[in-house]
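Heads up: numbering here begins at 1 and tracks the sequence. One-based numbering, in listed order, for ligands and for the atoms of each.
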Amino acid sequence: MLFLGSANRDPRKWSDPERFDVTRRAAGHVAFGAGIHLCVGQMLARLETEMIVAALAARVERIDIVGEPRRKVSNSLRQFASLPIELKPA
Ligand code: HEM
């Protein structure tokens, strides 16, 4: 079984894998799986995300984490149970 959350942070593939870096060349990530079961909805998901982030960026100056992030325990995915944030309008 492939652990997607772990593979996307594999230091043999990614330098400084824990650092969020929007400029990172992300080719080869497995967030949408791989091979024959590759996510069929990924184009929709990418489009929706682009639209949401663009709409947010036009209205919000900054996003701050204002509380303790709580992880949700999972064997395969990395995820949060809660991540309290505050949006500062532009
Ligand atoms: C950010 C959003 C999404 C993420 C991170 C994601 C992630 C994934 C991953 C990792 C797999 C592979 C699972 C495996 O190998 O067993 C998968 C499969 C799949 N996804 Fe997504 N997905 C997303 C959005 C969507 C959307 C919007 C749809 C439908 C509109 C969708 C439909 C599917 C389907 C039908 C499969 C099964 C494909 C197959 O087994 O051949 N996904 N997705």
Checklist entry - Within a reach of under 6.0 Å around CD of E86, are more than 12 heavy atoms found that belong to other residues, nucleotides or ligands? => result no
Next on the checklist: Quick check on I36 - does any of its heavy atoms sit under 4.0 Å from an atom of ligand 1?
Outcome noted: yes
Next on the checklist: Among K13, H29, R78, exactly one meets side-chain contact (heavy atoms from CB on, under 4.5 Å) together with N8. Which residue is that?
Outcome noted: H29
Checklist outcome for this item: Excluding water, the protein N, O or S atoms sitting under 2.8 Å from atom 21 (Fe) of ligand 1 are C39 SG
Checklist entry - Which one holds for A34 and ligand 1: side chain close, backbone close, both close, or neither close, with close meaning a heavy atom under 4.0 Å? => result neither
Checklist entry - Within the side chain of D10, is there an N or O that forms a donor-acceptor pair under 3.5 Å with the backbone of R12? => result yes
Checklist entry - Do you know the tightest heavy-atom contact between L38 and F32? => result CD1-O, 3.3 Å
Checklist entry - Hey, which atoms in ligand 1 end up nearer than 4.0 Å to a heavy atom of L44? => result 30 (C)
Item to check | Cluster overlap I63 with I65, hydrophobic side-chain contacts below 4.5 Å | outcome: yes
Next on the checklist: Quick check on atom 42 (N) of ligand 1 - does any protein heavy atom sit closer than 4.0 Å to it?
Outcome noted: yes
Checklist outcome for this item: Closest non-hydrogen atoms of A7 and L2, given as atom of the first, atom of the second and distance, are CB-CD1, 3.9 Å
Next on the checklist: Need the ligand 1 atom indices (1-based, order shown) with element for anything under 4.0 Å from a heavy-atom of L4.
Outcome noted: 10 (C)
Checklist entry - CD of E61: more than 12 outside heavy atoms within 6.0 angstrom? => result yes
Next on the checklist: For a 4.5 angstrom cut-off between non-hydrogen side-chain atoms, does L4 reach S76?
Outcome noted: no
Next on the checklist: For atom 15 (O) of ligand 1, what is the closest protein heavy atom, and at what distance to 0.1 Å?
Outcome noted: H37 CB, 4.0 Å
Checklist entry - By number and element, which atoms of ligand 1 are closer than 4.0 Å to a non-hydrogen atom of A31? => result 5 (C), 7 (C), 10 (C)
Checklist entry - Is it true that R19 and D16 make a salt bridge, defined as a side-chain N closer than 4.0 Å to a carboxylate O? => result yes
